[in-house]
Number of protein chains: 2
Amino acid sequence: MEQNQKPELQQSWSKDSERVVSLFKAIHKVYRDYLYKKSRQYGFTGPQIGLIMGLHKNPFSTLNELSECLGLSKSTVSGIVDRLVSQGVVIREIPESNRRIVRLSLSPEWQKNNAIQELMNNYIYDTLKNASAEEMERIILGLEILYSLISKSES
Amino acid sequence: MEQNQKPELQQSWSKDSERVVSLFKAIHKVYRDYLYKKSRQYGFTGPQIGLIMGLHKNPFSTLNELSECLGLSKSTVSGIVDRLVSQGVVIREIPESNRRIVRLSLSPEWQKNNAIQELMNNYIYDTLKNASAEEMERIILGLEILYSLISKSES
DNA sequence: TTCCAAATGTACGCATACGAACAATTCTTA
DNA sequence: TAAGAATTGTTCGTATGCGTACATTTGGAA
């Protein structure tokens, strides 16, 4: 790839880069605020809801698995689990077969709680329910391109 | 908008939604890690670099202005400023004309520090320098559609 | 002019979020 | 089998990040 482009091109390309970053940040902020507001209705924070959903989808995960699934560090997940355990939502269990790992699960009351179902149905979809198929396609295409570009740059 | 769609459509639409969220999270993580690594080379964190860049672009901003410019709450920015002041990078000043506001600036050494220039040139652009014009266009289009959708949903 | 509202920034408590260091356990290998 | 390496979680320190409450100052209205 050529580093030194013509000034005009460099200029417009810089502006495009800035626009990408600025748009991305704006979307992230709106999404984050939205999740927090929704989660508060159930008495949780956004990350807590994410963890509950992760456990609902993959019951009896280990902390390590959950950490990778959520894209968060182990120490972060450990802290979130701490607070959910103290609230009686999540159960920590050390299996006899392997006393090194921790098996996590939702407590019985929360496994069959309808609020969780409702919440999972609304969690992601509300935001994008107004999108047409074509819009959705373009959104995904753009994100895929961006992801492939950003993943490759190892500088 | 129709809430109850045909099951098959609902299914694929749900999957698309999940894909959008999952892609977005993945990009955010890569970008965040990248920024932290880059910033560490200069002895700062990501948000600190962001604030320094903001101050470089709009010198002598107030905390309120900076807060809006960065999309962060005032209390958050106040904390970041605290740490940069104690490092001697940022200067807090209460003008006589209006003793309610705080005028922020980069300390002289940092205003003319070439590292800042270099950093600003590399900050955003490294990530996207491999993108073609067409790819860039598609990325921006996708983000714009997503942003307009997500901004409108006021539920 | 005096009182009240608005604006501005800080202090505080809580919940992420990370890496590094650590402890406990299990696996490997010599 | 016994020493060391690898895996798994927790703990700790630091830095965000937010909302609420607060103090200070400024502006406006009666």
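All of these numbers come straight from a predicted model, not from anything done at the bench. First the proteins, then the strands, lettered A, B, ... as listed; each starts at 1.
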>> What is the first contacted nucleotide of DNA chain D and what is the last, in 5' to 3' order, if contact means an atom lying under 4.0 angstrom from a heavy atom of chain A?
In response: D/dA6 to D/dC18
> Could you run down nucleotides 10-19 of chain C 5' to 3' and tag each one B, S or - for protein heavy-atom contact under 4.0 Å?
Replying inline: SB---SBBBB
> So, does A/E65 use its side chain to make a donor-acceptor pair with the main chain of A/T62 at under 3.5 Å?
Replying inline: yes
> C/dA24 C1' sits how many Å from A/R99 CZ, rounded?
Replying inline: 9 Å
>> Tell me if a side-chain donor or acceptor on A/R103 pairs with a main-chain N or O of A/E93 at a distance below 3.5 Å.
In response: no
> Taking the six-membered ring for Trp, are the ring centroids of A/W110 and A/Y42 within less than 6.0 Å of each other?
Replying inline: no
>> I'd like to know if the side chain of A/Q48 and the backbone of A/T45 have a donor-acceptor N/O pair within less than 3.5 Å.
In response: yes
> Which is it for A/S151 and A/S148 under the side-chain hydrogen bond (donor to acceptor under 3.5 Å, both in side chains) test, yes or no, and what are the steps along the way?
Replying inline: CA-CA 5 Å; A/S151 300; A/S148 74; over 6 Å; no
>> Donor-acceptor check, side chain of A/S105 to backbone of A/F60, threshold 3.5 angstrom: yes or no?
In response: no
>> Are A/F24 and B/Y147 an aromatic pair, judged by ring center distance below 6.0 Å?
In response: no
> Is a side-chain donor or acceptor of A/T76 paired with a backbone partner of A/L72 at a separation under 3.5 angstrom?
Replying inline: no
